[in-house]
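Below, chains carry the letters A, B, ... as their sequence lines are ordered, and counting in each starts from 1.
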2 protein chains.
Amino acid sequence: MPVPLYQAKAEFFRMLGHPVRIRVLELLQDGPMPVRELLANIEVERSNLSQQLAVLRRSGIVTSAREADTVVYSLAGPDVAELLGAARRILTELIAGQQGLLDELRATQPVGAPTRGR
Amino acid sequence: MPVPLYQAKAEFFRMLGHPVRIRVLELLQDGPMPVRELLANIEVERSNLSQQLAVLRRSGIVTSAREADTVVYSLAGPDVAELLGAARRILTELIAGQQGLLDELRATQPVGAPTRGR
DNA sequence: GCAGCAATTGAAGAAATCTTCAATTCGTGA
DNA sequence: TCACGAATTGAAGATTTCTTCAATTGCTGC
């Protein structure tokens with residue numbers, strides 16, 4: 001396994017690590033969408049959206065095309081839905097786990113107090 | 001859809017956005033592993049690894065347990081492999097796409113030069 | 001108790017990312 | 001050609017994350 005692969009993977013995930021970028025990818029799952037419409041669906045100012053779109057474009061996960069006076073964005077490939085799905089499953093799992101932990105904490109009323117919960 | 005979900009998803013991906021953390025997760029896919037062994041497999045100094053393990057622990061994607069004089073880490077759930085797999089597929093796709101683009105660029109010797117490739 | 005190894009923690013400076021603003025590009029229609 | 005709206009860009013300051021160091025905790029064996 002070549003060494004810099006971990007670097008590429010990490011960069012890829014970092015590219016996904018922003019709420020606006022996530023929303024864009026989710027919106028694009030239903031098909032191509034002009035910037036105007038993205039802007040209407042996401043609470044962010046135009047220039048900030050542009051910055052985030054630029055990040056996505058640079059990574060290659062989306063493509064853009066000009067159509068008359070608007071710019072339309074699309075997903076570059078089909079596997080994005082799968083990725084977001086897997087992420088959602090893990091998140092659900094993690095949140096469920098934390099919920100379980102909370103329940104546990106609520107149920108256990110310590111006397112001597114273990115005082116080591118981190 | 002509740003609004004702060006995008007926040008949670010973004011944080012999740014940001015948590016994955018570091019080469020050492022990716023390597024740890026990949027190594028843990030084959031089963032629990034003591035820190036000592038992680039350290040032997042990843043080129044990073046002990047205290048930096050600890051910092052990254054702390055990030056993973058805080059997010060809940062791994063758990064740790066002390067066994068005598070060593071600490072053993074495990075994946076908290078089963079879906080991690082799926083996520084990393086999906087990520088690998090997209091990465092492969094993206095790199096292939098960039099390769100295709102490169103080929104295209106090499107093949108097309110512009111005369112008037114479009115000068116707008118970004 | 002104390003020495004010794006394993007692992008974690010806290011803190012500080014360095015490096016990367018975010019947000020925001022003004023300036024610019026691109027196309028359309030007057 | 002000029003003005004206009006849509007979208008992008010570059011740059012600066014603020015915020016966040018990384019790396020590294022010294023100090024600390026936890027366990028084992030003497």
May I ask you to test the [X]-[Y] pair for a side-chain heavy-atom distance under 4.5 Å?
| X | Y | answer |
| --- | --- | --- |
| Val55(A) | His18(A) | no |
| Leu5(B) | Ile22(A) | no |
| Val20(A) | Asn48(A) | no |
| Leu16(B) | Leu16(A) | no |
| Thr92(B) | Arg88(B) | yes |

*asked:* Please enumerate all residues that pass side-chain hydrogen bond (donor to acceptor under 3.5 Å, both in side chains) together with Gln51(B), with sequence neighbours excluded.
replied: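 Counting only residues at least two positions away or on another chain, Gln51(B) forms no side-chain hydrogen bond (donor to acceptor under 3.5 Å, both in side chains).
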
*asked:* Taking side-chain hydrogen bond (donor to acceptor under 3.5 Å, both in side chains) as the definition, give me every residue that meets it alongside Asn41(A), ordered by chain and number, with sequence neighbours left out.
replied: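 By the side-chain hydrogen bond (donor to acceptor under 3.5 Å, both in side chains) rule, Asn41(A) matches no residue at all.
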
*Nearest-Å distance for atom pair CD/P, residues Glu11(A) and dA16(C)*: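 Result: 11 Å.
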
*Tell me: CE of Met15(B) to C1' of dT17(C), nearest whole Å?*
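One finds 19 Å between C1' of dT17(C) and CE of Met15(B), rounded.
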
Between the protein and nucleotides 15-22 of chain D, which nitrogen or oxygen pairs are less than 3.5 angstrom apart?
{"from": "dT17(D)", "atom 1": "OP1", "to": "Arg14(B)", "atom 2": "NH1", "distance (Å)": "2.9"}
{"from": "dC18(D)", "atom 1": "OP1", "to": "Arg21(B)", "atom 2": "NH2", "distance (Å)": "3.1"}
{"from": "dT19(D)", "atom 1": "OP2", "to": "His18(B)", "atom 2": "NE2", "distance (Å)": "2.7"}
{"from": "dT20(D)", "atom 1": "O4", "to": "Gln51(B)", "atom 2": "NE2", "distance (Å)": "3.1"}
{"from": "dC21(D)", "atom 1": "N4", "to": "Ser47(B)", "atom 2": "OG", "distance (Å)": "2.6"}

Enumerate donor-acceptor pairs with a distance under 3.5 Å from any side-chain N or O in residues 68-87 of chain B to protein atoms, sequence neighbours excluded.
{"from": "Thr70(B)", "atom 1": "OG1", "to": "Glu67(B)", "atom 2": "O", "distance (Å)": "3.3"}
{"from": "Tyr73(B)", "atom 1": "OH", "to": "Arg57(B)", "atom 2": "NE", "distance (Å)": "3.1"}
{"from": "Tyr73(B)", "atom 1": "OH", "to": "Arg57(B)", "atom 2": "NH2", "distance (Å)": "3.4"}
{"from": "Glu82(B)", "atom 1": "OE2", "to": "Arg89(A)", "atom 2": "NE", "distance (Å)": "3.3"}
{"from": "Glu82(B)", "atom 1": "OE2", "to": "Arg89(A)", "atom 2": "NH2", "distance (Å)": "2.3"}

N/O to N/O distances under 3.5 Å, protein versus nucleotides 5-7 of chain D:
{"from": "dA7(D)", "atom 1": "OP1", "to": "Arg36(A)", "atom 2": "N", "distance (Å)": "3.3"}
{"from": "dA7(D)", "atom 1": "OP2", "to": "Arg46(A)", "atom 2": "NH1", "distance (Å)": "3.1"}

